[in-house]
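Notes for the one structure printed next.
So you know, we letter chains A, B, ... as the sequences are listed, proteins then strands, and number each from 1. Only a predicted model underlies this, so the values are computations on that prediction, with no experimental measurement involved.
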2 protein chains.
Amino acid sequence: MARRPESQEPAQELDARKAAILEAVVTEHIDTAQPVGSSSVASSERVGVSPATVRSEMVALEREGFLSQPHTSAGRIPTDRGYRYFVDHLRSGTLGPTQQHTVREFFDTVHGEIEDVLEQTSTLLSRLTQYTSVIVGPSHTHATVRSVQLVDLGPRRVLVVAVLSDGAVEKRTLDLDHDASVADVADASAQLNGLLVGTSLDQRVEVPSRAGVVAELIRAATGALFDEAPILDGDQLFIGGSSRVADAFETVDTVRSVLGILEQELVVVSLLRDIIDSGLSVSIGSEHGIEPLSACAVVVAPVSIDGVPAGAVGLLGPTRMNYPEALLTAQAVSEQLAQRFGGEDSRRA
Amino acid sequence: MARRPESQEPAQELDARKAAILEAVVTEHIDTAQPVGSSSVASSERVGVSPATVRSEMVALEREGFLSQPHTSAGRIPTDRGYRYFVDHLRSGTLGPTQQHTVREFFDTVHGEIEDVLEQTSTLLSRLTQYTSVIVGPSHTHATVRSVQLVDLGPRRVLVVAVLSDGAVEKRTLDLDHDASVADVADASAQLNGLLVGTSLDQRVEVPSRAGVVAELIRAATGALFDEAPILDGDQLFIGGSSRVADAFETVDTVRSVLGILEQELVVVSLLRDIIDSGLSVSIGSEHGIEPLSACAVVVAPVSIDGVPAGAVGLLGPTRMNYPEALLTAQAVSEQLAQRFGGEDSRRA
DNA sequence: TGTTGGCACTCAATTCTACTGAGTGCCAAC
DNA sequence: GTTGGCACTCAGTAGAATTGAGTGCCAACA
């Protein structure tokens, strides 16, 4: 895991001209996907020198690890480090008006449960940016139980439904060994409520070890709820526009390996978490240490609901992705999500 | 939609030798992905003639639309029609013992709610076959309500939770205009139960148009449940091993367009339904009429729970996919699913 | 001292040609 | 009807020649 806290490895500063040249190379390469030559850089606005001068500077930038050359007679392409410098020194801009409008309109019209909204948001993000989007929903592990109910489903089948304080619903089917009467189920349901309301799904619960059908029901229900919850649920991941992966890369092999990673929810979720935890918003190429993603960059914006970290919004593209736009889009969407699912204050605002 | 009911267009029969040659070409091409030449076919077991004879037969098979030639001096590859003949005349075999064992073991150990099981089953299918798997879960539209409950979530927020007879749980968040007391919520909850239990989510419900907080709650809850249900939910789709798409095709373009279709749940679900409805279990190339999937074949096995159609298990691969194995695997898995979620009789068996 | 134009050089990409060989279609003989 | 023989086709490969974008270096210049 290549965390890169600024404090330990101070971002090496480049003089203004080198910085301008690097920026020109990065933007041009992001645009054309081709190696960038000295003359093209020299003709850029913010670089006021001749190609010859640019060349000598490029040699220096290459020596310092910001640029590389596919082969001797080719232009330069940015290295991961070059992109890193670029994003670390981005002048913050604003999202284009069209995109702003699309985002606003989307959040004005979208409705439904949080899962549905996140699902659709992931599609929005991918449509806006042309990259694959990745959204991690809030984790339920710290929510507390608001209500538990047993519902009779048929012979020897009972469903436990638990509503959590954050509005999530957990359900478990119980297959019983003995018949349970309607009264038994109601009784157990009431007792479960008293027992579990207020607890959180990751804590242990003391179940009185009495005998009898009702006690049996209670034990089965708590067991099902508390033992299976953290394993299967964990975090919810929504991926939008996975077909964009095929746009981002030229070889089927790369596409395959990136898709392969996207299939592993756990890996993706912890990747996003790692990036956020290390205080960054972008992870480039080999920085994140996931080999199959070494041709990818990931842009992340954390989503905080009422000040509490509650998920993240991410975009996955090639290292030569459009960082400024991706960052702004992710941030805009993350803010909207925070507002939408925040407390009264922000919701009524 | 290219339905192809046998009755209308009787499958053209080929004489034994032609059939053997076609079969040899298909199996060889599935194996090697290369055009198959006459000598390779002639050396096959079930074809006892010389390459020259094979060639003249191939000319006939090409004229009849079963084979095609990439270019003059190449071997033959099967057309969609060639594959169709092949699958329509498959001698039914049995699944390999290893696969049988894997399937059995999987269903012995997997546990959890139906969604979790289907999700994991899709991964299993894709791992077994190396193709992308597609599983459609049972539709809830005809299930009836078993229980409705309102849960207070905080200021002016109430959650409606409905449990359906098939064990599905629907939830809707209500944002209220006025405060509702705990008693109000409980009252409304009780009345809702009386009102809704037994109805199915796709039928209209008469709500008495009284005034007051409780009546308001009831109206909001029924509105949320019944109006938004069919739109968002529909059917559940589980896709496993989408990275396999990148294994199946050579060009990034094909991969992109196939992935693009897989993102459209509605298209995929109705494709599977169409295939099943027309009484087939395989759809090849352009048969299904979805242009971006014209390089694909889809193998489907319906899942019936207690005799009622309740979803489907599908495999998506290139037209040169291993039909026998794919069919057997899909069928085996479909049977296991039916058994797992079937009524008492089959479950206790 | 830093900048610049000039110039020889490099090397991927492109084009062209020649060649190879897998596989065909046709036909005369069996 | 089947077969071996044979001329033919044409994608694919390899090699040679060409092109040109872009470099590194250097001498001249401000």
Return the residues of residues 49-59 of chain B meeting this criterion: a heavy atom under 4.0 Å from some atom of DNA chain D. Order them by number, or give none.
B:Val49, B:Ser50, B:Ala52, B:Thr53, B:Arg55
According to salt bridge (charged side-chain N to carboxylate O under 4.0 Å, His left out), does anything in residues 319-332 of chain A pair up with another residue at least two apart or in another chain? List the pairs.
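Not a single pair qualifies under salt bridge (charged side-chain N to carboxylate O under 4.0 Å, His left out).
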Keeping B:Arg81 on the side-chain end and B:Glu64 on the backbone end, is there a donor-acceptor pair under 3.5 Å?
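Yes, the answer is positive, given that a donor and an acceptor are paired below the 3.5 Å cut-off.
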If the condition is side-chain hydrogen bond (donor to acceptor under 3.5 Å, both in side chains), which residues does [X] pass it with, not counting sequence neighbours?
| X | result |
| --- | --- |
| A:Ser243 | B:Glu263 |
| A:His29 | none |
| A:Glu62 | A:Arg76 |
| A:Glu57 | A:Arg17 |

Donor-acceptor pairs are to be reported for all side-chain atoms of residues 31-40 of chain A against protein atoms at under 3.5 Å, with residues two or more places apart or in another chain.
unit_1: A:Thr32; atom_1: OG1; unit_2: A:Glu28; atom_2: O; d: 3.0
unit_1: A:Thr32; atom_1: OG1; unit_2: A:Gln34; atom_2: N; d: 3.1
unit_1: A:Ser38; atom_1: OG; unit_2: A:Arg55; atom_2: NH1; d: 3.2

Does A:Arg17 have a side-chain nitrogen or oxygen under 4.0 Å from the phosphate oxygens OP1 or OP2 of C:dT3?
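Answer yes for this pair, as a side-chain N or O of A:Arg17 is under 4.0 Å from OP1 or OP2.
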Residues which pass side chain to side chain contact (heavy atoms under 4.5 Å, CB included) with A:Ser50, listed by chain and number, not counting sequence neighbours
A:Ala52, A:Thr53
Bounded by its outermost nucleotides with an atom under 4.0 Å from a heavy atom of chain B, the footprint on DNA chain D reads D:dT2 to D:dA11
What pairs of donor and acceptor atoms, side-chain ones from residues 252-261 of chain A against any protein atom, are under 3.5 angstrom apart with sequence neighbours left out?
unit_1: A:Asp253; atom_1: OD1; unit_2: A:Arg256; atom_2: NH2; d: 2.4
unit_1: A:Thr254; atom_1: OG1; unit_2: A:Thr251; atom_2: OG1; d: 2.5
unit_1: A:Arg256; atom_1: NH1; unit_2: B:Asp247; atom_2: OD1; d: 2.0
unit_1: A:Ser257; atom_1: OG; unit_2: A:Asp253; atom_2: O; d: 3.4
unit_1: A:Ser257; atom_1: OG; unit_2: A:Thr254; atom_2: O; d: 3.0

Defining pairs by Watson-Crick or G-U wobble geometry with both distances under 3.5 Å, how would you list the stems of DNA chain C with at least three pairs each?
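When the pairs of DNA chain C are grouped into runs of at least three, the stems are C:1-30 with D:1-30.
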Can you list every side chain to side chain donor-acceptor pair (under 3.5 Å) pair that touches residues 123-132 of chain A, not counting sequence neighbours?
A:Gln130-A:Arg244
Report the residue (B:Pro70 or A:Glu62) whose heavy-atom-nearest nucleotide on DNA chain D is the more 5′ of the two.
B:Pro70
Whole angstrom value for the distance that separates P of C:dT14 from NE2 of A:His71:
11 Å
Rounded to whole Å, how long is the line connecting atom CD of B:Glu28 with atom P of C:dA22?
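Going from CD in B:Glu28 over to P in C:dA22 covers 15 Å.
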